[in-house]
Amino acid sequence: MPDLTSIPDLGSGLLDVAVRSAVVYLFLVIALRVGGKREVGQLTTPDLVVLLVVANGVQNAMVGTNSTLLGGIVSTVVILVIARLIQVAVSRSSWFQRAFIGEPRILVVDGTVDDRAMHEEEIGEEELAAALREHGIESVDEVHLAVLEVDGSISVISVDPQKPITDSHGPHRAGRLPRGRRIGRRSLAKA
């Protein structure tokens, strides 16, 4: 195993602050993306504490010992420029959009819960039930479609349970789009 203490450290000059800030920003974007949609959705108390501790922990990694006003400005400008570049790339490339933003994940179709999607996205039954209640739905049987959105929220479309939903593509199956194309963060690894 390599000795991590022998990795050369950057100094605290302005160019070093710019490089440090870029590395930390990209690391956090990737870490939160890998962490899943729940990490960016509604924050629980432990999630908020993690966010605050991470913010405090990476501050010194970005600026080192440079506590000057110009050092803080350089760090901020680098982060804003990288964020804008990612935003442009996401708007122009579906690959970047899937990689950096993700895709919605179907959790329920026509009253059928996709247990695999729920497990992979780390959504518990109680969390799904709470989302249904927020949309005025008492039972999963009343759900036409429930989707975990890329922002971590769960969108729910209700349906009359007496009327089965079909379209030109045939009946829907939980976890599948009508075209048969699977969505979600795990689909990238299998593609």
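- For the 3.5 Å distance criterion, the side chains of Asp110 and Thr112 fail to qualify, holding no donor opposite an acceptor.
- Note that the CD1 atom of Ile82 and the CD1 atom of Ile86 stand 7.0 Å from one another [nearest 0.5 Å].
- In this structure, Met62 and Ile79 have side chains that are in contact, with non-hydrogen atoms separated by less than 4.5 Å.
- The backbone N or O of Gly71 lies less than 3.5 Å from a partner atom in the side chain of Thr68, making a donor-acceptor pair.
- Each of Leu148, Val113, Val108 was compared with Met118 under the side chain to side chain contact (heavy atoms under 4.5 Å, CB included) criterion, and only Val113 meets it.
- Between Val78 and Tyr25, the closest side-chain pair of non-hydrogen atoms is not below 4.5 Å.
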Check: residues 48-55 side-chain donor-acceptor pairs under 3.5 Å, at least two apart:
none

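- Between Leu14 and Asn66, some side-chain heavy-atom pair lies under the 4.5 Å cut-off.
- If you take CD1 on Ile137 and NE2 on His144, they are separated by 11.0 Å, rounding to the nearest 0.5 Å.
- Residues satisfying the side-chain contact (heavy atoms from CB on, under 4.5 Å) criterion with Gln97, sequence neighbours excluded, are Val90, Ile101.
- Contact record, Glu149 with Pro104: OE1-CB, 3.8 Å, taken as the closest heavy-atom pair.
- Grouping the Ile, Leu, Val, Met, Phe, Trp and Tyr side chains by contacts below 4.5 angstrom, directly or via other members, places Val77 apart from Val24.
- Between atom CZ of residue Arg116 and atom CZ of residue Arg105 there is a gap of 7.0 Å, rounded to the nearest 0.5 Å.
- Taken together through direct or relayed side-chain contacts under 4.5 Å among Ile, Leu, Val, Met, Phe, Trp and Tyr, Val63 and Val81 form parts of separate hydrophobic clusters.
- Between the side chain of Arg20 and the main chain of Ala61, a donor-acceptor pair closer than 3.5 Å is present.
- At a threshold of 4.5 Å between side-chain heavy atoms, the hydrophobic network of Ile, Leu, Val, Met, Phe, Trp and Tyr places Val29 and Val150 in one connected group.
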Evaluate the side-chain contact (heavy atoms from CB on, under 4.5 Å) criterion for residues Ile106 and Asp114: first the C-alpha distance (whole Å), next the side-chain angles of each, then the deciding distance (0.1 Å), finally the verdict.
CA-CA 8 Å; Ile106 296 174; Asp114 184 344; over 6 Å; no
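- Applying the salt bridge (charged side-chain N to carboxylate O under 4.0 Å, His left out) rule to Glu138 yields no partners; only residues at least two apart in sequence or on another chain are considered.
- Follow the hydrophobic side-chain contacts under 4.5 Å out from Leu26 and you reach Trp95 in the same cluster.
- Expressed to the nearest 0.5 Å, how far CD of Glu122 lies from CD of Glu127 amounts to 10.0 Å.
- Within the 4.5 Å cutoff, side-chain heavy atoms of Ile123 are placed close to those of Ile154.
- Between the side chain of Ser21 and the main chain of Val17, a donor-acceptor pair closer than 3.5 Å is present.
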